[in-house]
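Any value given below was found using the heavy atoms of this structure, including those in side chains, with hydrogens, waters and symmetry copies removed.
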Amino acid sequence: MNVKARINELINIINKLNDEYYYLDNPSVSDQEYDRYMQELIDLENKYPNLVKSDSPTRKIGGKVLTNLDKVIHKTPMMSLGNVFNEAELFNFDKRIREKIGENFTYVVELKLDGLAVSLIYKEGNLKLGVTRGDGTTGEDITENVLTIKSLPLVISENIDIEVRGEIIMPKSSFLKLNEERAKKGEALLQNTRNAASGSVRTLDAKVTASRNLDAYLYHLPNLNKYGLSTHEEAMKYMMKLGFKVDKNFKKVNNIKEVWEYIEYWTKHREELPYDIDGIVVKVNEVDYQEKLGYTVKVPKWAIAYKFPADEVITRLKDIFFTVGRTGKITPNALLEPVRVSGSTVKKATLHNEDNIVLKDIRINDFVVVRKAGDVIPEVVGPIKEKRSGGELPFTMISDCPICHKKLVKKEHEVAWYCLNPRCDAKKLENICHFLSRPVMNIIGFGDSIAEDLYNFGYLHDISDIYLLKHYRQQLFELEGFGEKSIANLLKSIEKSKGNSLERVIFGLGIPKVGGKKAKLLAKKFKTMDNIINATEEDIADMEDFGPIIAKNIIKFFDKEENIQLINKLKSYGVNMSYLGKEGNTALKGLNFVLTGTLKKINRLTATNIIDAMGGNVAGSVSSSTDIVIVGENPGSKYAKAKKLGIEIWDEERFLREIEIEGE
């Protein structure tokens, strides 16, 4: 194995998964798979310290901070917890504690609720601020949404200044009700309670948060010595006294054996709880010992999270087949004898890459261990070699693309094989599916199977054809599962996506090595698609986190005439090609706008998204609460009503001056 290449690959994988988890609220893998990648990286870095990179995710605390909510710096960092996955690792944690502080201490064990971590600031007993964990140092201001959670007191029982921390969750009952409502409306169902809670709290509309029936449990009191407390157990009881909701299943125990008994009980009984948990938290109870044990850069040394293991089953691997991703990456997959895992029937599972199969010696006709945690793609853990009968077939990597049959290429410093044919049908379809996805253009109701059908029927040839589907409304009725309402919602979502900010379009183009983060950096620096197209390789390479390889990829992409033609088609269909983010500009914050008439330089959907991004609100009708009416050509009755009520009126030029951008 090329260790350096594997470390680089793991860093890229973990950074991508961090983006999905912390930034997009849409994780593509289970916690167990994420932890496996992280542990592999930690092990390799420990074994080869000379290969440790300064930007390794093992040096970070958490994820990113969004830019559409105000940023708040935590006075005391909100740290993550280290993880253990079995009894032996848990007892090793206990051994390290005892070696450091002796035997005279106790533990507190708690259920690890699966939601969104929050810090709450009270001034003179009144709730003043709610902040997400963010990256551990800087979080997001979600005060307006926190105020809607009924179980959180607006005023506590003592007139004091205090910060408390806990978890905002969506109870199982609220989650089921929400998905029932979404199903009736033809909307995509939410994957799990954690994502649902996080998305509900971080929405820009507090009314949405209020409708979601969230709950919150407190579990940490920073600086508890300030309140005359000396143990975590006392802090939990004190928070209850103040009026906070604390999960009453927490328990003080005397030793690690009692910790394990607690874990065994809740492993069996967690499905009986009204909310989801993904593990058990173990904390040294005494604050003096906590301080003596201290912290690493990332985690406290006095606490650990025991993570529930993924469900694992045994089945036969019938065959190995290959799929082609949007970048041309070839992924080997297992065709399995159907088996039930975590409540669903599994017929296929990922094998990751050639090196993984060879290293584990996975063969066709092997009995294999398969695991799956939550609604994610299952994976083959490895073969059960003692069950082999002699009829197993060793793995052989293919040399040609399974779709277009062109020769595959293995890139330098990578373990994966690639199809480099730009006209490969599989790559084109994957690129379309990528463009539609939530992290990119977020076209709701347009799943991969629908995209595949439309591609096979000839309605989609590239991503620009998405915006021509309105001309095929009647043909859409021929697809299974489509009705009048779902088609209307799909076409509405397609139209809405035209107003997305530039970084989403860049991400959707599929430029090699340009993910969501780098797309955002490009959009912020160059502001328009034309500026990026006209940028030099040096302009891009000099940007932080880019460098010569990514710069070459970008220049090479825009040097191809077919890519410029694609962008021009997207422009002609009304897709926004400007950066809409306005960090630091709060000129529109709290103002209520109404749009009327035809805008010439930007369309009304783009104008609406700009106003939303800059803190303003857009309504459909003029009323006494309207602050400004933006008037284009041929305005209607809204203009007359605004004049009658004496409301301030802006033309398009005034609006563009206020937001400090030039129209397309």
Side-chain angles (χ1 to χ4, degrees), residues 1-21 27-44 57 85 309-336 339 341-342 346-385 392-399 401-403 408-419 426-427 430 434 515:
M1 179 180 69
N2 185 321
V3 176
K4 185 175 181 180
R6 182 55 177 166
I7 286 176
N8 288 334
E9 183 184 32
L10 287 168
I11 288 174
N12 290 334
I13 290 170
I14 293 168
N15 285 338
K16 175 179 178 292
L17 297 179
N18 280 339
D19 283 351
E20 293 174 354
Y21 190 91
S28 60
V29 302
S30 67
D31 286 351
Q32 286 79 8
E33 184 171 355
Y34 176 92
D35 292 329
R36 182 173 59 79
Y37 286 129
M38 182 64 81
Q39 191 59 51
E40 183 182 353
L41 179 58
I42 291 170
D43 291 341
L44 287 175
F85 303 95
D311 287 347
E312 295 187 347
V313 298
I314 297 173
T315 189
R316 188 185 291 275
L317 192 157
K318 296 163 60 179
D319 201 359
I320 294 176
F321 65 99
F322 301 86
T323 53
V324 187
R326 65 182 178 86
T327 64
K329 182 178 179 180
I330 306 298
T331 300
N333 305 275
L335 180 66
L336 306 168
V339 63
V341 189
S342 295
V346 170
K347 301 177 182 178
K348 303 172 184 177
T350 182
L351 292 166
H352 298 293
N353 54 58
E354 177 190 16
D355 285 6
N356 178 64
I357 300 173
V358 172
L359 180 66
K360 295 178 179 177
D361 188 22
I362 299 171
R363 305 182 182 185
I364 296 172
N365 295 326
D366 262 337
F367 282 96
V368 294
V369 176
V370 179
R371 67 180 172 195
K372 175 175 178 282
D375 297 324
V376 296
I377 299 172
E379 68 170 353
V380 173
V381 179
I384 304 176
K385 296 180 180 180
E392 294 77 21
L393 304 176
F395 169 75
T396 301
M397 184 64 193
I398 57 174
S399 58
C401 174
I403 305 299
L408 300 180
V409 174
K410 197 169 190 178
K411 297 182 179 180
E412 188 177 2
H413 304 310
E414 291 197 34
V415 297
W417 290 84
Y418 287 84
C419 171
K427 288 174 66 176
E430 283 293 325
H434 169 70

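- In this structure, the side chain to side chain contact (heavy atoms under 4.5 Å, CB included) partners of Val369, at least two apart in sequence or on a different chain, are Glu312, Ile314, Val381, Ile384.
- Scanning for salt bridge (Lys or Arg N to Asp or Glu O under 4.0 Å) contacts around Asp319 gives an empty result, with sequence neighbours left out.
- Partners of Glu414 by side chain to side chain donor-acceptor pair (under 3.5 Å), not counting sequence neighbours, listed by chain and number: Tyr418, Lys513.
- Note that NE2 of His352 is 12.0 Å distant from CG of Leu359, once rounded to the nearest 0.5 Å.
- Residues passing the side chain to side chain donor-acceptor pair (under 3.5 Å) test with Arg6, sequence neighbours excluded: Glu9, Glu40.
- The shortest side-chain heavy-atom distance between Val368 and Leu336 falls under the 4.5 Å cut-off.
- For the atom pair CG (Leu317) and CG (Asn365), the distance works out to 8.0 Å, reported to the nearest 0.5 Å.
- Annotation: Lys4, atom NZ; neighbour count of heavy atoms from other residues, nucleotides and ligands within 6.0 Å does not exceed 12.
- With sequence neighbours excluded, the residues forming a side chain to side chain contact (heavy atoms under 4.5 Å, CB included) with Ile398 are Phe322, Ile330, Pro402, Leu408, listed by chain and number.
- One distance of note links CG of Asp355 with CE of Met397; it measures 10.0 Å at 0.5 Å rounding.
- Listed by chain and number, the residues in a salt bridge (Lys or Arg N to Asp or Glu O under 4.0 Å) with Glu392 amount to none (sequence neighbours excluded).
- Distance CG/Leu41 to CG/Asn8: 10.0 Å, rounded to 0.5 Å.
- Every residue two or more places apart in sequence or in another chain that forms a side chain to side chain contact (heavy atoms under 4.5 Å, CB included) with Lys318 is listed here: Glu337.
- One distance of note links CG of Asp366 with NZ of Lys385; it measures 8.5 Å at 0.5 Å rounding.
- Remark: Thr331 pairs with no residue by the side chain to side chain donor-acceptor pair (under 3.5 Å) rule, at least two apart or across chains.
- Glu354 has its side chain out of reach of Val415: every pair of non-hydrogen atoms, C-beta onward, lies at least 4.5 Å apart.
- Contact check for Pro332 versus Ile357: side-chain heavy atoms found under the 4.5 Å cut-off.
- A 4.5 Å side-chain heavy-atom check between Val324 and Glu430 finds every atom pair outside the cut-off.
- The environment of NZ in Lys410 is crowded: more than 12 heavy-atom neighbours from other residues, nucleotides or ligands sit within 6.0 Å.
- Looking at every heavy atom in both residues, Ala334 comes nearest to Leu351 through N-CD1, 3.8 Å.
- Of all the heavy atoms in Val358 and Phe395, the pair that sits closest is CG2-CD2, 4.4 Å.
- At least one side-chain heavy atom of Thr350 sits less than 4.5 Å from a side-chain heavy atom of Asn333.
- For the residue pair Leu335 and Lys348, the shortest heavy atom distance occurs at CD1-CG, 4.4 Å.
- Separating the CG atom in Leu17 from the CG atom in Asn12 is a distance of 11.0 Å, to the nearest 0.5 Å.
- Remark: Asn353 pairs with no residue by the side chain to side chain donor-acceptor pair (under 3.5 Å) rule, at least two apart or across chains.
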